[in-house]
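All remarks here apply to the structure that follows.
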Amino acid sequence: MIKQVLSPGITYKNGVTTFCVFAPYAHDVSLRLYISDTASRWSIRKSLAPNGDGFFSCALRGDFGGLYYTYEIEGVETIDPYALSGGANSVRGYILADGAADPEGWENDNFTPEPPIVWEVHVRDFSSDSWLGLPDAGKFSAFRGGISTPDGKPALIDYLKYLGITYVQLMPVADYGSVDELAGGYNWGYDPVCYFMPEGSYSSDPHNGLTRVRELKTLVKNLHDAGIGVILDVVFNHTYTKAGNPLDICAPDYYYRLRGKEPANGSGCGNETRSESEMFRRLIVDCVCHYVKEYHVDGFRFDLMGLIDVETMNCVRRALDNIYPDGRGKRILLYGEPWYAEPPYNVEGADKAHFFKLDERVGMFNDSTRNGIRGLHFVNVTGGYVQGHIQCLEEAMSGISGGDPQNPEFMRVKSPVQQVLYTACHDGYTLYDQICMTTDGNADRRAIHRMADFMVFSGLGIPFMLAGQEFYRTKGGDGNSYKSGDAVNKLDWRRMSAEWEGVNYYKGLIELRKSNPAFEDLASSRAVFRRLESPEGVAAYSVGNVVYGVNATENDAVIPLDGAKILQVCDIDRAGTCPFAEHSGEIKIKARNVFAGYVKEA
């Protein structure tokens, strides 16, 4: 057990700045201070003293906010793994004075959590479309209101307000190594270097350590002002490189799972980290708590969570639960991918097999339901229920009904709150592209697309969608666009405008979900779900006071309802909360169609 007398990183108290780094195998550790991130020589050099259990520290009188710094570990200069910001390309850390990067009104920033409806987007994709003509396209600062498309439709944050989603999930915004912050370039960002530092390529000035922090905070505040929460995609399962990574310079091999002398590769990206180690577990917990306290974020999505050990994920959940004295940390969302390329050796990973050991508020993406709805999308691309493969219906419905913890045939969860329901995310093909690949030209592909997400929005779980899914986003059949550039990845705002009818359909699905009180408490929602008698290949079910139905067969289906009166508000072409038909005693779901309606009170 490591005695953690000092906190890693920089602390300032009573006029004294303390620098602390974990370097358990080192003998010679020193601090270098620079006046800028490009200064050719340090201004101050100070040796750090060992203070037990692998920590080195020094204390300097004064406030050094605005300066840059590095550590020299056994003659090798490195950025601090706990640097809260830095200069260009993670060469030097930046000393961030308390409150110096806060945007105007930050002390009043507030978000009241709503039942989650999550919309995933890459920072650059959100605004890189040249049709919008933004001077800060692709940057943090483009997340703002007051922007319209050239033909007058809402864009950017105003568009998100119109659509009605309640959370934005940002693909990685922490510092990553695959893009030169000065030269520019495109990458999804799953190549972490410094976990606590915002990515400089999204900043208006990568050299200025203050700017990237202020602009990310402003992004969060602008979304909060629009009533939208912010979820960060975090990548703790591996690092961009091992050699030269600040963690490995400070503590060679300590932070990595090794196979012989080489790091394991359960991520498929190499450099698999060791979450079960005491100090990396602490780093993970410290990092998520930092983003909550400093950036006011509202949730986290863990990349390849199956590589993170169960105990660490439960530690993260407990830390978030207790981060605020009033208990509101329990409303912070936490979920991840319960899989990996290869399982971690001799470690209980936070994967599908260990769901029962995870807190039920550590959620997981339900790929079983995804596959049942739309089909497989890696290696062998197939269709699912919505393309007419009715044998996939029960796999699709396994998650829609809340997940059965006793059924090993499909993905199991303790409670509906533990599952994320989706048909597409940044990985793999967009939903529209997959439908195009698995249907012929005679199919109504947009109707199939709407049916797929109708199921998601009627299900007992957290509904999740890829940005642009509501206007049939396409990447031209690129199923792994992590470095394919803006032409493939940009959010196509012209397409949004052209597919305005589709946007309004999804807006209606969101309104319908918000109108159903049963979705306000997912933990108890199984109690108000009931599967209704229906023909083979058709699913009809009620969730609270709303009746839903999906019919991917070629035949109309009649569903008896024991004399109940139903006010229909949704079919394959219309969605919302305004009734357009009334049914008594039964409902008819037309072939290749959907149905939703309120139970009319007597």
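All values reported here derive from a predicted model rather than from experimental measurement.
At a threshold of 4.5 Å between non-hydrogen side-chain atoms, the residues Ile448 and Arg592 count as touching. Counting heavy atoms from C-beta on, the side chains of Tyr159 and Phe126 never come closer than 4.5 Å. At least one side-chain heavy atom of Arg513 sits less than 4.5 Å from a side-chain heavy atom of Pro463. Side-chain contact between Asp492 and Arg473 is absent, with no heavy-atom pair separated by less than 4.5 Å. Side-chain atoms of Asn187 and Arg124, non-hydrogen and from C-beta on, never get closer than 4.5 Å to each other. A heavy-atom distance below 4.5 Å is found between the side chains of Trp188 and Asp427. Tyr429 places none of its side-chain heavy atoms less than 4.5 Å from the side chain of Asn480. Between Phe140 and Val173, some side-chain heavy-atom pair lies under the 4.5 Å cut-off.
Between the side chains of Asn371 and Ser368, no donor-acceptor pair is found at a separation under 3.5 Å. Looking only at atom types and distance, the side chain of Tyr506 has a donor-acceptor partner in the side chain of His449 under 3.5 Å away. Checking Gln387 against Thr438 by side-chain atom types alone, a donor-acceptor pair falls below 3.5 Å. Side chains of Asp351 and Tyr340: a donor on one and an acceptor on the other come within 3.5 Å. Counting only N and O atoms by type, the side chains of Tyr335 and Gln169 include a donor and acceptor under 3.5 Å apart. There is a side-chain donor-acceptor pair under 3.5 Å between Thr474 and Asp433. Side-chain polar atoms of Asp453 and Gln469 form a donor-acceptor pair below 3.5 angstrom. Between the side chains of His238 and Asp303, no donor-acceptor pair is found at a separation under 3.5 Å.
Salt-bridge formation is detected for the pair Asp233/Arg301: a Lys NZ or Arg NE/NH1/NH2 atom is positioned less than 4.0 Å from an Asp or Glu carboxylate oxygen. A salt bridge between Asp573 and Arg450 is present, with a side-chain N of the basic residue lying under 4.0 Å from a carboxylate O of the acidic one. The pair Asp444-Arg446 does not meet the salt-bridge criterion, since no charged nitrogen lies less than 4.0 angstrom from a carboxylate oxygen. A salt bridge does not link Asp158 to Lys161: none of the charged side-chain nitrogens sits closer than 4.0 Å to a carboxylate oxygen. Ion pair Lys352/Asp367 flagged as a salt bridge, since at least one NZ, NE, NH1 or NH2 atom sits closer than 4.0 Å to an Asp/Glu carboxylate oxygen. Classification of Glu582 and Lys565 as a salt-bridged pair fails, no side-chain N sitting under 4.0 Å from a carboxylate O.
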Steps toward ring-ring contact (aromatic ring centres under 6.0 Å, His included) verdict (Tyr482, His122)
CA-CA 11 Å; Tyr482 73 100; His122 185 277; over 10 Å; no
(Q) Set out, in order, the CA-CA distance, both residues' side-chain angles and the distance that settles side chain to side chain contact (heavy atoms under 4.5 Å, CB included) for Met451 and Ile572, then state yes or no. (A) CA-CA 7 Å; Met451 179 183 289; Ile572 203 65; 3.9 Å; yes
Give the C-alpha distance, both sets of side-chain angles, the deciding distance and a yes or no for side chain to side chain contact (heavy atoms under 4.5 Å, CB included) between Glu395 and Tyr385. CA-CA 9 Å; Glu395 184 175 18; Tyr385 173 72; over 6 Å; no
Practice prompt. Go through the steps for Leu561 and Leu532 under the test side chain to side chain contact (heavy atoms under 4.5 Å, CB included), then give the verdict.
Written response: CA-CA 8 Å; Leu561 292 175; Leu532 305 175; 3.8 Å; yes
- Task: Please step through side chain to side chain contact (heavy atoms under 4.5 Å, CB included) for the pair Glu520 and Glu114, ending with a clear verdict.
- Result: CA-CA 8 Å; Glu520 293 177 5; Glu114 294 189 42; over 6 Å; no
Could you walk me through whether Tyr176 and Tyr190 pass the ring-ring contact (aromatic ring centres under 6.0 Å, His included) check? CA-CA 7 Å; Tyr176 59 86; Tyr190 295 88; 8.7 Å; no
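Within 6.0 Å of CZ on Arg531 lie more than 12 heavy atoms contributed by other residues, nucleotides or ligands. More than 12 non-hydrogen atoms from other residues, nucleotides or ligands lie less than 6.0 angstrom from CG of Asp440. Within 6.0 Å of the CD atom in Glu501, the count of heavy atoms belonging to other residues, nucleotides or ligands does not exceed 12. Heavy atoms from other residues, nucleotides or ligands lying under 6.0 Å from CZ of Phe529 number more than 12.
Using a distance-only test at 3.5 Å, with no hydrogens or angles considered, no donor-acceptor pair links the side chain of Asn516 to the main chain of Phe519. At distances below 3.5 Å, at least one donor-acceptor pair connects side-chain atoms of Asn551 with backbone N or O atoms of Lys590. A donor-acceptor pair is defined here as one N or O able to donate and one able to accept, closer than 3.5 Å; such a pair exists between the side chain of Asn314 and the backbone of Lys357. At distances below 3.5 Å, at least one donor-acceptor pair connects side-chain atoms of Gln434 with backbone N or O atoms of Thr382. Using a distance-only test at 3.5 Å, with no hydrogens or angles considered, no donor-acceptor pair links the side chain of Lys490 to the main chain of Asp129. In terms of modelled atom types and a separation under 3.5 Å, the side chain of Asn593 and the main chain of Ile589 share no donor-acceptor contact. Proximity of a side-chain donor or acceptor of Ser484 to a complementary backbone N or O of Val488 within less than 3.5 Å is not detected. Using a distance-only test at 3.5 Å, with no hydrogens or angles considered, a donor-acceptor pair links the side chain of Arg331 to the main chain of Pro113. Ser415 places a side-chain N or O within donor-acceptor distance of the main-chain N or O of Val417, the cut-off being under 3.5 Å. Asp309 contributes no side-chain N or O that, together with a main-chain N or O of Met313, makes up a donor-acceptor pair within less than 3.5 Å.
Listed by first then second residue, pairs satisfying ring pair (Phe, Tyr, Trp, His ring centres under 6.0 Å) with a partner in residues 552-593 read His583-Phe595, not counting sequence neighbours.
Ring-centre distance between Phe365 and Phe464: below the 6.0 Å cut-off.
Across every non-hydrogen atom of Pro560 and Val558, the tightest pair is CD-O, 3.7 Å.
To the nearest 0.5 Å, atoms SG (Cys578) and CG (Leu567) are separated by 11.5 Å.
For Lys153, the salt bridge (charged side-chain N to carboxylate O under 4.0 Å, His left out) criterion is met by Asp151, not counting sequence neighbours.
Each of Ile284, Val316, Asn237 was checked for a side chain to side chain contact (heavy atoms under 4.5 Å, CB included) with Ser275, and the lone residue meeting it is Ile284.
Cation-pi check for Lys507 over Tyr162 is met; the charged atom lies under 6.0 angstrom from the ring centroid and within 45 degrees of its normal.
Between Tyr541 and Tyr548, the two ring planes are parallel [angle under 30°; tilted spans 30° to 60°].
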